Amino acid sequence: MAEPKQTYDPATIEPKWQRFWAEREVFRAKNPGEPGFDPKQPKFYALDMFPYPSAAGLHVGHPEGYTATDIVSRWKRAKGCNVLHPMGWDAFGLPAEQYAIQTNTHPATTTAANVATFKRQLQRLGFSYDWSREISTADPKYFKWTQWIWKQLHARGLAYESNAPVWWCEALGTVLANDEVINGKSERGDHPCERRPLRQWVLKITDYAERLIADLDGLDWSESLKTMQREWIGKSEGAEIDFDVHGHAGTKIRVFTTRPDTLFGASFMVLSPEHPLVAKITTEAQRAAVEAYQRNAAAKSELERTDLAKDKSGVWTGAHAHNPLFAADDPKGRIPVWIADYVIVTYGTGAIMAVPAGDERDFAFAQKFHLPIPGIFAPATGDAQRDARVAAGEECCSDDVPFAAHNTNGALSIAGLGMAAAKRKVIDWLVAQGRGQAKVTYKLRDWLFSRQRYWGEPFPVLHTQDGVELVPDAQLPVTLPHMDDFKPGGVPESPLIRARDWVATKDQKGRPAQREINTMPGAAGSSWYFLRFCDPRNEREFCAKAASDYWLPVDLYVGGTEHAVGHLLYSRFWTKVLHDQGLVREKEPFRKLYNQGMIQAFAYEDARGAIVAMKDVKEQGDDVVHAATGEKLKQIVTKMSKRYGNVVNPDDVVVEYGADTLRLYEMYMGPLADSKPWNPKDVPGVFRFLQRSWRLAVPEFHEHGAIHAWLANDRPDDPALEKALHRTIHKVDGDIERLAFNTAIAAMIVFVNDATKAVDKLSRSQLLRFAQLLQPFAPHLAEELWERLGGQGLLTHAPWPAVDAALLVDDEVEIAVQVLGKVRGRAMVPNKCANDVAIAAARSAVASHLEGKTVVKEIVVPGKLVNFVVK
RNA sequence: GCCGGAGUGGCGGAAUCGGCAGACGCACAGGUUUCAAAAACCUGCGCCCUCACGGGCGUGCGGGUUCAAGUCCCGCCUCCGGCACCA
């Protein structure tokens, strides 16, 4: 006859508390001015990178970052902060539309279904989101303001139309931004892309390049992430210099160079094959060869171009240009003009002066085509052989070395100068001659801001006979027409072109006009969602300034590195524009940013290095073998993939162990920033910890009560356990602060193990405080324990337990005693004792090791060790 | 090629400021309990020598600084991420 047991049962307590929290809106954040808002509380804004609700549902990777911010949010609440911790949906985008094409289901329908799934899955994990602030970028109430913000950019001259070549992806039927194309293939789906001219909306992010670099300095982001952004923006300081073309009076080739100081060494020029002057200056004799090269370059995909990176190719145009350092009739200034695909039309001016003595690429090109390599340096590095080769132009040198005596044209000399001084002098001379000026160039290009797709924000734009007309604010949002067919019709235009009744409209004067049929890219809605969370239901403004003044900047933003240059750069840009409009006080949206690592999985590969799907893998003793062949397999770590059959579904983990175990396991796996493999065998370990925590309070059988008898009333705290508890509180507190959740959990495990051994000595007060510690990590179990123990009010509202610093120090400490740096014994000494007391104790602890030796030095690290240096 | 980050037991990891390497968990082994098993609890668990006491070795590799190095310096190797002819 089975007796009624009270085992730890997450399936009962988790839904109970989730319902309770939701019904009472326990995690509702209050804005200034709202009833109950306490201006004395500091604010804390903890934000997750909101998900794109895919049809696949939540992945175990999602809750990793979400749990981290949730722990910090719950901890900050306990520390008396007013915490904003919202969640929403990045709901526009390609996959919903691709899916719609395949299944004939409207993207709005699938998106709504996916959002419902994601929300249900997230709510099962007990995150302390303020769901009253939930937003979706595809909601007209939201994208009304995305359109409005776009109008602000337009008003500041930051949005323009362009026909410049853009990345076109045939398979996806859309154009892509630079960061969505990797080595000539689409980031999403890995489809080949090519460059095509197409009318596009573009945002002038380059106007903000300098500020986007400068303001990185004040941010609490990882150096590697800042470096990625700096390199993406790619600032180069140098000069623009004009070269005349022989036989083409009035035609100048303008180059950009970071080394104007090496102008004396320019021995040829290179234009990119697409440079507009190529056709004009090419001689008849060279025309056929030049045009063939241009056709060839155009046909090459970017991938082929980069693959063949090191092998230089090019053709002479037949033309000569003239180095501005020398008079027009001085033959020293006459240099040939080539075209080559190592010069990129979109960077700088699309043309370079080639200085083979100082630039590796120019050097390689000159060698291949037997062009002159005039030496310009007089190095004295001590390596005489190398110095001689550099001076003779036999070896390239891009270091800062002095210039040789012959770097002069009579009027200007840089002989003996180093790089910086020579740069200044050459630029000054060029400016005086009207032949050039200092110039800063960026790799960053303007943000291609339109897509030829249905499922995105429509632009608030009409094309009228007078040109572009913006839809008045009062008529926003411009919503999407209902359509049943989203297939790109083989033309680059968006499927919206087929919504004839929607496209054909009237302008302000009542004349016929056409709606813009491009839609905004996925990154539009996500570039300002952190602002909308501050004031999500405002119907008059995108976000009241008072609300963003209060909540911004985001104090902790957690997400994956994949958004290092895209989303994070765009969000910073929009924030700065809105700041310049006087609409947002902050210049930077995200004060502290933290990238979580990836959750990977184990997989098994055979001798050939091929991964064997999990269904074909079986354990045999200590080995893992191929089920069919019996071949021994090697365990490797890789990403989760349907193909390998190693994907872990968070729902399954919740069903088997509960949400608290899932949360705890993901935090216990290792440091948040590291990528680490999911190991199913480790999950029961944290589950056991929660069971042990439960048993500290709850007896096995009902008839013994809801809690152990000795916990029913207050009593004096056991001093040993009290000490252990204070140390645990202190450790957990510091570890949450530095986002080291794995070691915080380890500390709690240690406490529970200690407490288990002395379970009947534990007091109610101690267990209540332990529940408070556990709450950010395993909130359901903690809240249940709190309730059973009769804690006051809701645990979620309880203040963080205090630490008595006096309990963190021991009266006596054990120190290590070393002889010549090796531990040879231990000694107990009074805490903070004088050095000679410690030395005396140490000497007797290692007496046998000191016998017959002379101690020449005694090193004391108080409270830690004594080291004897002997002879 | 350039710029980041990492490499510690059978596995995941800890060591926060140069001070006892291996916390904590997993796996494994032994034990208590049980008719039995599971669960739970207790003990052990880097490698080598030793019955033991004890000793030697040990944080990717090779050097160095220091009383003391996983941690600092120099030179390599491997893996992961980013950039990649950007003038």
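Given the structure is predicted, the values throughout are model-derived calculations rather than measurements. Each chain gets a letter, A, B and so on, in the order its sequence line appears, and its residues count up from 1. Values below: all heavy atoms of this structure, side chains included; hydrogens, waters and symmetry mates excluded.
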Cation-pi, Phe243(A) ring and Lys252(A) (6.0 angstrom, 45 degrees): no

Touch class at under 4.0 angstrom, heavy-atom based, for Glu814(A) against every strand present: base

Sugar-phosphate only, base, or nothing, as touched by Asp362(A) at under 4.0 Å among non-hydrogen atoms: nothing

Tyr668(A) vs G13(B): side-chain N/O to OP1/OP2 distance below 4.0 Å: no

Among Val819(A), Val870(A), Leu820(A), Val817(A), the one residue meeting side-chain contact (heavy atoms from CB on, under 4.5 Å) with His849(A): Val819(A)

Syn/anti state for C17(B) [syn: chi within 90° of 0]: syn

Side-chain N,O (Lys822(A)) to OP1/OP2 (A21(B)) below 4.0 Å: no

C74(B) versus G81(B) - spacing of their C1' atoms, nearest Å: 26 Å

OP1 or OP2 of A87(B) under 4.0 Å from side-chain N/O of Ser236(A): yes

Span that lies between the P atom of A69(B) and that of U59(B), in whole angstrom: 11 Å

Touch class at under 4.0 angstrom, heavy-atom based, for Gln818(A) against every strand present: base

Sugar-phosphate, base or nothing in reach of Lys439(A), heavy atoms under 4.0 Å: nothing

Nucleotide nearest Met228(A) when distance is taken to its side chain, options A14(B), A23(B), G82(B): G82(B)

Below 4.0 Å: OP1/OP2 of C83(B) and any side-chain N or O of Arg230(A): no

Sugar-phosphate only, base, or nothing, as touched by Arg824(A) at under 4.0 Å among non-hydrogen atoms: sugar-phosphate

Sugar-phosphate, base or nothing in reach of Asn742(A), heavy atoms under 4.0 Å: sugar-phosphate

Criterion ring pair (Phe, Tyr, Trp, His ring centres under 6.0 Å) against Trp338(A), the qualifying member of Tyr293(A), Phe369(A), Phe268(A): Phe369(A)

Pair Trp678(A) and Tyr665(A), ring centroids less than 6.0 Å apart: yes

Residues Lys423(A), Asp261(A); criterion salt bridge (Lys or Arg N to Asp or Glu O under 4.0 Å); working and verdict: CA-CA 4 Å; Lys423(A) 275 183 187 172; Asp261(A) 53 319; 5.1 Å; no

Donor-acceptor pair (no angle test) under 3.5 Å: Lys681(A) side chain, C11(B) base: no

Flag side-chain contact, heavy atom, 4.5 Å: Thr756(A) against Arg695(A): no

Under 4.0 angstrom between Asn595(A) side-chain N/O and G5(B) OP1 or OP2: no

Sugar-phosphate only, base, or nothing, as touched by Val861(A) at under 4.0 Å among non-hydrogen atoms: base

Contact under 4.0 Å: His849(A) side-chain N or O vs G55(B) OP1/OP2: yes

Sugar-phosphate only, base, or nothing, as touched by Ile749(A) at under 4.0 Å among non-hydrogen atoms: sugar-phosphate

Touch class at under 4.0 angstrom, heavy-atom based, for Lys443(A) against every strand present: base

Sugar-phosphate, base or nothing in reach of Pro684(A), heavy atoms under 4.0 Å: nothing

Sugar-phosphate, base or nothing in reach of Arg738(A), heavy atoms under 4.0 Å: base

